[in-house]
Asks: 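Dropping a structure here in C-alpha cells format, bear with me for questions.
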There are 2 protein chains.
Amino acid sequence: MTTDTTHILIIDDEREIRRFLRISLHSQGFEISEAASGREGIEMAQSVLPDLILLDLGLPDMDGQEVLKSLHWQCRAPVIVVSVREGEEEKVAALDAGAADYVTKPFGIRELLARIRVALRAHAGAETSLTPIRAGDIDIDLVQRRVSRGGETLHLTPREYAFLARLAQTPGQIVTGRQLLIELWGPVFEHNTHYLRILVSRLRQKLGDDPRTPSLIQTEAGIGYRLMVESDTAP
Amino acid sequence: MTTDTTHILIIDDEREIRRFLRISLHSQGFEISEAASGREGIEMAQSVLPDLILLDLGLPDMDGQEVLKSLHWQCRAPVIVVSVREGEEEKVAALDAGAADYVTKPFGIRELLARIRVALRAHAGAETSLTPIRAGDIDIDLVQRRVSRGGETLHLTPREYAFLARLAQTPGQIVTGRQLLIELWGPVFEHNTHYLRILVSRLRQKLGDDPRTPSLIQTEAGIGYRLMVESDTAP
DNA sequence: ACCCGGCGTAAAAGTTTCGTAAAAACCGCA
DNA sequence: TGCGGTTTTTACGAAACTTTTACGCCGGGT
C-alpha cells in the first residue's frame, strides 16, 4: 500500500492555483509535488518521477513548448496542459508536442479529475518494456510481475515479491534493513527486523538459495541485504 | 490491420455533421465509416473494427452512456465523444465510462484532428494481437468476440467477456484487481473487490477451471488475476 | 569456555482475502 | 406488465497471507 499512491507533479507559477490544485488532488488520495517554474519542473520530473504532470503553459522563465518537449524527453509520465489561452493553434501545438490533454482555465475541478483519470488509465497499458533482470537461474520480470526459476514460474506472496522487486531495482547494491522495513511495511515498523529474517528465509527456500553460500540474496550482517547479479564474489 | 490506413467510425445522427467530418477526415488520409444511430454504430464497431470512434452523445435511439459502454466492451478502439452539451457532469460521466476525450460542439476541426492524433498515439502501444489466444482448451478470439472450449462456443455475459478480454490483452501478465474494477465498472467501484470474486467464480465454472489448480485464470492473492498461457504449472 | 547479539528456521495463532451459493434488485424486451 | 437474463447484495466457510512465538546456530569478545 506504500507504493500504491499515484504521484502528480504540478508546474505552475501562480501560488494560488498550485494551492487549489494541491488541495483538490490531495483529497483524492494523490501524492503531490510542486514546481513554480519550467526549469524547476523539469528537474523535479526526473528526480521524483511522477505518474502524471499538470503543466501551465504560461510560465515566466521558459516557453511552454520547450518545457513540454523537455518533459517528454526525460520522463514517460503523461502531461496535461492547463492554460488560460483559448487559441486553437496553441492547443494543436501543445497536443502535437506530446501533451496528453489540454484543459482551458477556468476549468471545473471535477472535469480535470476525470481527465486525469483518463490519462492515467490510458498510460497504464503503455507501461514500458523493461528487460527482465537475471540473477543466477532466477528471472525477475518487473513488468509482468513474475519471478521464474529456470523458466518455471514461482509463486511469491505480495510481500515476498515486493522485497525481491525492491532489491532488483538496485542490483548489486546494499539496501538497509531499516529502509526495507520502511518501504515495505511503513515507518512504524522500522525496528521489526525479525520480519525481514522470516521473509528472507522463506524467499531463499523458494528461490533455492543457501544462506551459507548465497548466490542471490546476500546478507550484510548488521546492515541489510543485496541482490547478487552476474558474477559477484564475497569481498 | 490488413490496410495501413487508419479507419475512423463516425456515429452521429445529423447528416450535415457526418458530411463535414467525413470530408475533413478524408482529406487527412483517414478511411471513414458512418453510422446514424447508436445501434447501427455498435454493429459497425464490431464489423469494421475501426481504429478510432467519433461518437455524438445526443443520439435519438439510445442513451449516450449506454452506447459508450457497449463500444468500450466490444472493441478496444478509443472513443472521442463529440457533444453539444457543456455540462460538467456529462463530461465526467462520459470520460469515466471509457471515453478517451470529450469535445464540445462547436469545435475547431484542427483541434479535433489534433485530439484524434493524441488518442491514436496514446493507443498505439496497446495493440492487441488479432490472432486468437489459446489457453488450455480455451480459445479467445478478440476479433470475433468469441470464446470457445474445444471448438464449442461458450455463452458469456458482457461483463464476463469484458473481464476475460482484458486479461487476454496482456497474456501472462498480472492485472491488478483495482485496475480491473476501474476499467470494467468505473473509478467509483475501485474498492468493490467482491464483484471480481463473484465474476471469477462464475467464469471459472463456465471455463471448467478449478481454482485450486488453475490452468486459465490464476489468482494472485492480494494483487489481482492473470491469464495463464503456454506452460505454467501450479506448485 | 562462556555469554551474547544478530541471524535462520519452524510451527502456531491471528488476520485478511478468496470462492461459492442463494436471494434480491435491475434492465431491456416482448 | 410480466419475463428471462444479468448484475448486485448478502452471507459464510475455506484458503492464503502475515504476525507471533519459540528455539537452534554461529562468531566474537571477555
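All values below come from the heavy atoms of this structure, side chains included, with hydrogens, waters and symmetry mates left out. Numbered from 1 within each chain, the chains take letters A, B, ... in sequence-line order.
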Asks: Quick check on DNA chain D: between A/P158 and B/R159, whose nearest nucleotide comes earlier from the 5' end?
Replies: B/R159
Asks: Evaluate whether atom CZ of B/R145 has more than 12 neighbouring non-hydrogen atoms of other residues, nucleotides or ligands under 6.0 angstrom away.
Replies: yes
Asks: Checking side-chain polar atoms at under 3.5 Å, does B/S83 have a donor or acceptor matched by the opposite partner on B/D56?
Replies: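 Absent: no donor and acceptor within the cut-off.
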Asks: Starting at OG of A/S201, measure out to CG of A/L196 and round the result to the nearest 0.5 Å.
Replies: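 It is 12.0 Å, given to the nearest 0.5 Å.
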Asks: Please determine whether a side-chain nitrogen of the Lys or Arg among A/R149 and A/D139 lies less than 4.0 Å from a carboxylate oxygen of the Asp or Glu.
Replies: no
Asks: Over 60° means perpendicular and under 30° means parallel, so classify the ring planes of B/Y225 and B/F163, tilted if in between.
Replies: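 Ring orientation, 0 to 90° scale: perpendicular.
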Asks: Under a 3.5 Å distance rule, please check whether B/R226 uses its side chain to pair with a backbone N or O of B/Q218 as donor and acceptor.
Replies: no
Asks: Does A/R178, at its CZ atom, have more than 12 non-hydrogen atoms belonging to other residues, nucleotides or ligands within less than 6.0 Å?
Replies: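 Not buried by this count: 12 neighbours or fewer within 6.0 Å.
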Asks: Go along nucleotides 18-30 of chain C 5' to 3' and tag each nucleotide: B for a protein heavy atom under 4.0 Å from its base, S when only backbone or sugar atoms are that close, - otherwise.
Replies: BBBS---------
Asks: Would A/W185 and A/Y195 count as a close aromatic pair, with their ring centres under 6.0 Å?
Replies: yes
Asks: So, is B/W185 close to the D/dT7 phosphate, meaning a side-chain N or O under 4.0 Å from OP1 or OP2?
Replies: no
Asks: Under 4.0 Å between a side-chain N/O of A/T157 and OP1 or OP2 of D/dA16, yes or no?
Replies: no
Asks: Could you work out how much the helix from C/dA1-D/dT30 to C/dA30-D/dT1 bends, comparing the axis of its first five pairs with that of its last five, to 10°?
Replies: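 Nearest ten degrees gives 20° for this helix.
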